[in-house]
Amino acid sequence: MNQKQGSRPLVAEHIEALKPYVPGKPISELKRELGLDDIIKLASNENPLGPSPAAVEAMRRVAGEANLYPDAAAYAFRSAVARREGVDIERVGVGNGSNELLTLIVRTFCSPGDTAVLCEYSFIAYRIILQAAGLTWTEAPVGPRYEASVDAILESVTGTTRVVFLANPNNPTGTYLPFEEIARLARVLPEEIILVVDEAYDDYVRAEGHQSALALADERERLVVTRTFSKVYGLGGARAGYMIAPAEMVGYVNRIREPFNMNALVQAGAAAALSDEDFVRRSVENNEESRALFERGLAEIGATHEGITWIPSETNFLLVETSRSGTSLNEAMLRRGVIVRPMRGYGLPEALRISLGTPGEIRRCLAALQESIEEYDGGVR
Ligand SMILES: *Cc1c(COP(=O)(O)O)cnc(C)c1O
């Protein structure tokens, strides 16, 4: 505001160019805007069964001690993670969501002039985090169905590459790279480069022979695996994530990390969620049922409406390609009380990313999608 000629701009160029992250529209916001009462949100890959009940119970139990600062070392939580993953506790780092860990990894290990390699159409947070740090990156091309390519990643590596970010499975495409390919990348990528495998959707993967990239830790030193509680554990609102990396790397990240980044309620809740196997099983079963239902419904819509397809997914969402304006279809669905995610900001103007809610939510979403397509086609003609 009121910037004098020749005076120094308020922010650096890379901050000026930064486009803020656009989250899924909150239900309360759509209520305010359209005065609708009955709204469903399938926009942020949240768990439709709610939070893990064990986590809620644990958070309730410790709420009465909220006057006390959290354990800065998050010892009980990290022990629970270490037990579950079969790793030494020194290899567990904690984050206020896994997004924070990705930021910490960049802040800890990247210096000016370093670059990153990502896949095209990968998680948008990587680009925001790198740009916020004033760093640049290369996007390795993906296949026609958005399949990540290890060869393309390797070809994108240059002498300045410091870190490779790979979401497996990937958001927003839902695509999955088999373990053997991740293993090949881990073995062939030059050893000084940090390989970050973001396994936010790991619990949903059904592919045969699937394993976490953690199994490669003996073969590759500079390997970081990140996990979140925002998806299968239903704790997106609580903000919790962890990373598994060599103890030395976790130690450096801990120098940068705010000591109380994981609050006391969340430390207790996330630890409890880890052992809530029944909830995880129910969540995955619901996801399978809803995916099958959604795919059948989309195939039916596609049989009578041209250009409706989807990308096979190993996650709790589907990327639906509509061959129409995703922005317009999204608006038509909002008017019907169904919040999905238009993908224009991801460079996919004709796609919608839709979370696999409960079967009831999926039925309602399919009806809204069909009506919206018909409304759009009627208006266009
Ligand atoms: C949802 C998601 C996350 C989770 O982020 P949080 O900060 O833990 O909520 C991380 N990576 C990918 C690829 C995701 O889709």
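In listed order, ligands and their atoms are each counted from 1. Heavy-atom basis, side chains included; hydrogens, waters and symmetry copies ignored.
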Note to self: Working note: I311 + T175, criterion side-chain contact (heavy atoms from CB on, under 4.5 Å); need CA distance, chi angles, decisive distance, verdict.
What the structure shows: CA-CA 7 Å; I311 302 299; T175 49; 3.8 Å; yes
Notebook entry, point to check: Hey, mind stepping through Y201 and N170 against side chain to side chain donor-acceptor pair (under 3.5 Å) and telling me if it holds?
Noted result: CA-CA 8 Å; Y201 299 96; N170 183 51; over 6 Å; no
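- Residue T228 has at least one heavy-atom neighbour below 4.0 Å for each of these atoms of ligand 1: 4 (C), 6 (P), 8 (O), 9 (O).
- With ligand atoms numbered from 1 in the order given, ligand 1 contributes 7 (O), 8 (O) to contacts under 4.0 Å with heavy atoms of G97.
- Near S230, meaning under 4.0 Å from any of its heavy atoms, are these atoms of ligand 1: 6 (P), 8 (O), 9 (O).
- Listed by number with element, the atoms of ligand 1 under 4.0 Å from a non-hydrogen atom of Y201 are 1 (C), 14 (C), 15 (O).
- Contacts with ligand 1 closer than 4.0 Å are made by side-chain heavy atoms of D198 only, the backbone lying farther away.
- Summarising the geometry of N96 relative to A238, their closest heavy-atom pair is OD1-O, 4.4 Å, with the distance given to 0.1 Å.
- For a threshold of 3.5 Å applied to N or O pairs, the pair formed by K231 and ligand 1 contains at least one separation below that value.
- Near N171, meaning under 4.0 Å from any of its heavy atoms, are these atoms of ligand 1: 13 (C), 14 (C), 15 (O).
- R324 forms no cation-pi arrangement with Y376, by the criterion of a distance under 6.0 Å to the ring centre and an angle within 45° of the ring axis.
- Taking the charged nitrogens against the carboxylate oxygens, E375 and R335 do have a contact shorter than 4.0 Å, which makes a salt bridge.
- An N or O contact shorter than 3.5 Å is missing between Y126 and ligand 1 by distance.
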